[in-house]
Asks: 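Let me begin by handing over the structure; questions about it come next.
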2 protein chains.
Amino acid sequence: MAVTIKDVAKRADVAPSTVSRVIANSSRISEKTKERVREAMKELGYHPNLNARSLANKSTNTLGIVMPNTAKIAFQNPFFPEVIRGISMKAYQEGYGLYLSTGQTEEEILEEVKHMVYGGRVDGILLLYSRVDDQVMPFLIEQGFPFVLIGRPNDIEEGQVTYVNNDNFKAAKTVTEYLILLGHERIGFIGGNLDYVVTIDHMKGYEQALTNANIPVSKDYMVHHEEVKEGG
Amino acid sequence: MAVTIKDVAKRADVAPSTVSRVIANSSRISEKTKERVREAMKELGYHPNLNARSLANKSTNTLGIVMPNTAKIAFQNPFFPEVIRGISMKAYQEGYGLYLSTGQTEEEILEEVKHMVYGGRVDGILLLYSRVDDQVMPFLIEQGFPFVLIGRPNDIEEGQVTYVNNDNFKAAKTVTEYLILLGHERIGFIGGNLDYVVTIDHMKGYEQALTNANIPVSKDYMVHHEEVKEGG
DNA sequence: CTGAAAGCGCTTACAG
DNA sequence: CTGAAAGCGCTTACAG
């Protein structure tokens, strides 16, 4: 029962196509007509149906966000809130909406990504993590679906993936070197799940710094955060 | 160029409407036909266009999530990750997707909610916070749009709002009483922004406990987390 | 500068 | 049990 483009057209005494063009602010419509149509839209309280638009347009103005099994790990880590905040701001400015993955396992997440892509729910995807044996990226690449990875692709050839990363190897190495500089030798490493590339990079940087300083690397000083099991 | 219901229909030698019914698993279609159609879907790699479905159906299978200015406060607070995780799990199970608000200010958020509602982007909304002088709930109520509030409505009459809350007044009171029981008298209160109902309830509980114990309430012992200004 | 018509890919009465 | 047709609310060539 919502107000449609037809109602507006009738009210402004123009064709629906004209209303559509006014909405798109087409330069081919006279200012006079535009004003009349806009007035009618106001009076009627018109708002476009986004699903109809998406269908006709084949574009959704929505971005898909894929996180590692929702919140379980994701939100414990201050990185994700921060990155989502940045994404939100820009998305808002550009008039894009955000569609969130909800899967709890790798399989669920893959299924959801397929759903987003095949269903035409989103125009592009933001992958907020990179992991070994990832299924999602290969799927996206195969589909030729636009996406950006935050992190570093692992097994995938350069040029296949657009990504944004920071040098986690170097960061961890620098931190470790600093501790060594302070004279410490028994330096611990508390890392994330080793399935994530970021964790691997951190660990390698840590190990490299130790090795360079001729300090033996010992598993006894290394702890990894395992994924919490459901209900655990 | 994606495979449509028509392609499947042709392949299975049935009408598009039949394919649609097979997808919906209508009991009015013979098992034989169902199998033939399903086979055709497999072979062709058919996946429904969700926008078309939403348009025809007037339903999106998507829930809107509205958070206090994205992540800025939201994700610092472990409450939100946890609640989003719960929402995600259930949403996934029920085949619902999640659409996230991205606004940074109250005005932006309201605008977004209108966008979701008018645009037909979501079937219902989950409000993850309750604040004084809130604009969002009145709008939703006026529109008769389904939503659930997490928290307690402030200025709104009972029965107008479906909400899930815990007794923050009592919780804060109990905590304070415990400290009093231990013999403390100079008890500090570190609270959130006073625009949020939860903060108000906490503070009232704290104050009540003090008052009951004849301990004077002093502003000197109270600190409130103000919203961080952009770039601050 | 504007309109009539077809199309986007589904669903759902209405018939039979 | 199945099909033809209309409809959901937009957009966009094609004409004029």
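Since the model is a prediction, treat every value here as computed from it, not as a measurement. In what follows, chains carry the letters A, B, and so on, assigned in the order in which the sequence lines appear, proteins first and then strands, with residues in each chain numbered from 1.
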Asks: Going by heavy atoms in the side chains, are B:Asn154 and B:Asp134 under 4.5 Å from each other?
Replies: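 No. Closest side-chain heavy atoms not under 4.5 Å.
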
Asks: For B:Lys170, what residues pass the salt bridge (charged side-chain N to carboxylate O under 4.0 Å, His left out) criterion, not counting sequence neighbours?
Replies: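 B:Lys170 satisfies salt bridge (charged side-chain N to carboxylate O under 4.0 Å, His left out) with no residue once adjacent residues are dropped.
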
Asks: Which dot-bracket string fits DNA chain C when only Watson-Crick or G-U wobble pairs with both atom distances under 3.5 Å count, crossing pairs get [ ], and | stands for a partner on a different strand?
Replies: |||.||||||||.|||

Asks: What pairs with B:Arg21 under salt bridge (charged side-chain N to carboxylate O under 4.0 Å, His left out), at least two apart in sequence or on another chain?
Replies: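 With neighbours one apart ignored, the set is empty.
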
Asks: Quick one: which of D:dC10, D:dC8, C:dT2 gets closest to the side chain of A:Ser30?
Replies: C:dT2

Asks: Specify the residues of residues 39-57 of chain A, ordered by number, for which at least one heavy atom lies under 4.0 angstrom from an atom of DNA chain C.
Replies: A:Leu55, A:Ala56

Asks: For B:Tyr46, enumerate each residue passing the side-chain hydrogen bond (donor to acceptor under 3.5 Å, both in side chains) test, keeping only those at least two apart in sequence or located in another chain.
Replies: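 B:Tyr46: no side-chain hydrogen bond (donor to acceptor under 3.5 Å, both in side chains) contacts found.
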
Asks: With a sphere of 6.0 Å drawn around CD of B:Glu39, does it hold more than 12 non-hydrogen atoms of other residues, nucleotides or ligands?
Replies: no

Asks: Does either side chain, that of A:Thr33 or that of A:Ser30, offer a donor lying less than 3.5 Å from an acceptor on the other one?
Replies: yes

Asks: Evaluate B:Met116 against B:Thr62 for side chain to side chain contact (heavy atoms under 4.5 Å, CB included), listing each step before the verdict.
Replies: CA-CA 10 Å; B:Met116 290 185 199; B:Thr62 301; over 6 Å; no

Asks: Expressed as a whole number of angstroms, how long is the span from A:Lys6:NZ to D:dA6:C1'?
Replies: 11 Å

Asks: Please tell me whether A:Asn25 and A:Lys34 have a donor and an acceptor in their side chains that are separated by less than 3.5 angstrom.
Replies: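 A donor-acceptor contact under 3.5 Å links the two side chains.
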
Asks: Between A:Thr102 and A:Glu112, does any side-chain donor sit less than 3.5 Å from a side-chain acceptor?
Replies: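 A pair is found: one side chain offers a donor N or O, the other an acceptor, under 3.5 Å apart.
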
Asks: What is the separation between atom CD1 on A:Ile29 and atom C1' on C:dT2, rounded to the nearest whole Å?
Replies: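 Atom-to-atom, A:Ile29 to C:dT2, this comes out as 6 Å.
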
Asks: Heavy atom of residues 15-24 of chain B under 4.0 Å from DNA chain C: which residues?
Replies: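 Under 4.0 Å from DNA chain C: B:Ser17, B:Ser20, B:Arg21.
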
